[in-house]
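I have placed the structure first, in the form of C-alpha cells, so that the comments after it can refer back to it.
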Amino acid sequence: MYDQYDALIFDMDGTILDTEPTHRKAWHQVLGRYGLTLDESQMVGFNGAPSWRLAQFIIESNHSSHDPHRLAAEKTAAVKAMLLENVQPLPLLEVAKAYHGRRPMAVGTGSEHSMADALLTQLGVRDLFTAVVGADDVERHKPEPDTFLRCAALMGVDPARCVVFEDADFGVQAAKAAGMDVVDVRLL
C-alpha cells in the first residue's frame with residue numbers, strides 16, 4: 001500500500017501508541033498540585049508539540065508564574081510511571097510490522113527520546129524502527145519540519161521519498177513543510 005515510498009515515518013502518541021488518555025491524566029494530576037486548570041478541548045490543539053509548549057499555554061491561561069519546563073518535567077515523570085504499565089498499541093502499528101525489513105522506518109515524536117524508546121521497548125517493537133527522533137533531539141519542534149527531516153537523515157533517505165503517518169495538525173504541517181507526503185490517520 002505504501003510501496004511507492006523509500007521510507008515510512010510514524011508519529012508515536014495517538015498514531016501507533018494509545019497514550020493520549022494517560023497524558024491527559026498525568027496533566028490533571030500535576031496541575032491539581034498547583035490548583036491549575038486545563039480545558040481538554042484546547043489541549044488537542046497541542047498534540048504533537050513538546051510538553052513545555054502546552055505547559056506554557058496552561059500557565060498563561062491560569063495567569064500563573066510557574067516555569068513551563070519544570071511543569072512539563074513533572075508531567076513527564078508522572079506520565080512515565082503510568083504509561084509503562086498501561087501503554088497499548090494502535091492498529092496502525094500493524095503497518096510498521098508489515099514493512100519491517102522491507103523499508104527503513106522511524107518514529108518522529110513530540111515526546112522525549114528516552115520516553116519513546118522506553119514505550120516502544122515495553123511493547124517489544126523498538127527494533128522495527130531504524131531511528132527514533134524525540135522532542136529533545138531537535139531545536140525546532142512540530143509544526144516545524146526538523147523532527148521529520150532528522151528522521152529522513154538518520155535513515156539516509158531523501159525527504160521527498162518519505163511518507164509520514166500523523167494524528168495531529170502540528171505533525172501534518174511539519175510533514176508538509178519537510179516536503180513529505182502525509183497520511184492523516186484521523187481520516188483512516
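For this chain, numbers begin at 1 and follow the sequence in order.
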- Message: For a side chain to side chain contact (heavy atoms under 4.5 Å, CB included) check, start with the C-alpha distance between Tyr34 and Glu74, then their side-chain angles and the critical distance, and finish with the verdict.
- Response: CA-CA 12 Å; Tyr34 303 109; Glu74 285 186 48; 2.5 Å; yes

- Between Cys162 and Asp6, is a side chain to side chain contact (heavy atoms under 4.5 Å, CB included) present by the stated rule, with each step listed? CA-CA 6 Å; Cys162 297; Asp6 292 344; over 6 Å; no

- Pair Val125-Lys97, side chain to side chain contact (heavy atoms under 4.5 Å, CB included): steps then yes or no: CA-CA 8 Å; Val125 296; Lys97 289 177 180 178; 4.1 Å; yes

- Task: Carefully, step by step, assess Asp181 and Lys176 under the rule salt bridge (Lys or Arg N to Asp or Glu O under 4.0 Å).
- Result: CA-CA 7 Å; Asp181 285 347; Lys176 288 178 180 177; over 6 Å; no

- May I have the step-by-step check of side chain to side chain contact (heavy atoms under 4.5 Å, CB included) for Leu17 and Leu123, ending in yes or no? CA-CA 9 Å; Leu17 302 184; Leu123 285 176; 3.1 Å; yes

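Using a 4.0 Å cut-off between a side-chain N of Lys or Arg and a carboxylate O of Asp or Glu, Lys142 and Asp169 do not qualify as a salt bridge. Ion pairing between Glu166 and Arg186 fails under the 4.0 Å rule for side-chain N and carboxylate O.
Of the candidates Thr76, Leu83, Leu54, Leu83 is the only one forming a side-chain contact (heavy atoms from CB on, under 4.5 Å) with His23. Partner Thr19 forms a side-chain contact (heavy atoms from CB on, under 4.5 Å) with one of Leu90, Val79, Val87 and no other, that one being Val87.
Closest non-hydrogen pair, Met180 versus Leu149, comes out as CE-N, 4.2 Å. Shown here for Val133 and Cys151, the closest heavy-atom pair between the two residues is CG2-SG, 3.6 Å. The minimum heavy-atom distance between Ala55 and Ala72, with the atom names listed, is CB-N, 4.2 Å. Contact detail for Phe148 and Gly108: the closest heavy-atom pair is CE2-O, 3.8 Å. For the residue pair Ala131 and Leu154, the shortest heavy atom distance occurs at CB-CB, 3.8 Å. Counting all heavy atoms, side chain and backbone alike, Ala26 lies closest to Ala78 at CB-CB, 4.0 Å.
Within the 4.5 Å cutoff, the side chain of Thr109 has no heavy atoms near those of the Thr147 side chain. Two residues are said to be in side-chain contact when any heavy atoms from C-beta on lie closer than 4.5 Å; Ile16 and Leu120 meet this criterion. The shortest distance between side-chain heavy atoms of Asp146 and His141 does not fall below 4.5 Å. Inter-residue side-chain proximity for Val164 and Asp11 is flagged as unmet; no heavy-atom pair is nearer than 4.5 Å. Inter-residue side-chain proximity for Arg161 and Tyr5 is flagged as unmet; no heavy-atom pair is nearer than 4.5 Å. Asp167 is not listed as a side-chain neighbour of Val172, based on a closest heavy-atom distance of 4.5 Å or more. Residues Val107 and Ile9 fail the side-chain proximity criterion, which asks for heavy atoms closer than 4.5 Å. Annotation: side chain of Gln29 is in contact with side chain of Met82 (closest heavy-atom distance under 4.5 Å).
A donor atom on one side chain and an acceptor atom on the other are not found under 3.5 Å apart for Ser64 and Asn62. Side-chain N/O atoms of His69 and Gln56 include no donor and acceptor closer than 3.5 Å. Neither side chain, Thr22 nor Asn86, offers a donor N or O lying under 3.5 Å from an acceptor on the other.
Between the OG atom in Ser114 and the CG atom in Leu119 there is a gap of 9.5 Å [rounded to 0.5 Å]. Between Met115 atom CE and Asp13 atom CG the span is 7.5 Å, to the nearest 0.5 Å. With rounding to the nearest 0.5 Å, the separation of NE2 in His28 from OG1 in Thr37 is 9.5 Å. Of the inter-residue distances, the one linking Leu128 atom CG with Leu8 atom CG reads 11.5 Å to the nearest 0.5 angstrom.
Pairs passing the ring pair (Phe, Tyr, Trp, His ring centres under 6.0 Å) check and including a residue from residues 162-188, sequence neighbours excluded, read Tyr2-Phe165, Phe10-Phe165.
Under the 3.5 Å distance criterion, the side-chain polar atoms of Gln122 are matched with a main-chain donor or acceptor of Leu84. Of the possible donor and acceptor atoms, none in the side chain of Arg70 sits under 3.5 Å from a partner among the backbone N and O of His66. A donor-acceptor pair under 3.5 Å links the side-chain atoms of Arg126 to the main chain of Phe129, judged by distance alone. Proximity of a side-chain donor or acceptor of His113 to a complementary backbone N or O of Val132 within less than 3.5 Å is detected.
Taken together through direct or relayed side-chain contacts under 4.5 Å among Ile, Leu, Val, Met, Phe, Trp and Tyr, Val157 and Val183 form parts of separate hydrophobic clusters. Under the 4.5 Å side-chain heavy-atom criterion for Ile, Leu, Val, Met, Phe, Trp and Tyr, Val163 and Val182 are members of distinct hydrophobic clusters. Taken together through direct or relayed side-chain contacts under 4.5 Å among Ile, Leu, Val, Met, Phe, Trp and Tyr, Leu38 and Phe46 form part of one hydrophobic cluster.
A cation-pi contact, defined as under 6.0 Å to the ring centre and within 45° of the axis, is absent between Arg103 and Tyr99.
Applying the 6.0 Å contact sphere to CD of Gln4 captures more than 12 heavy atoms from other residues, nucleotides or ligands.
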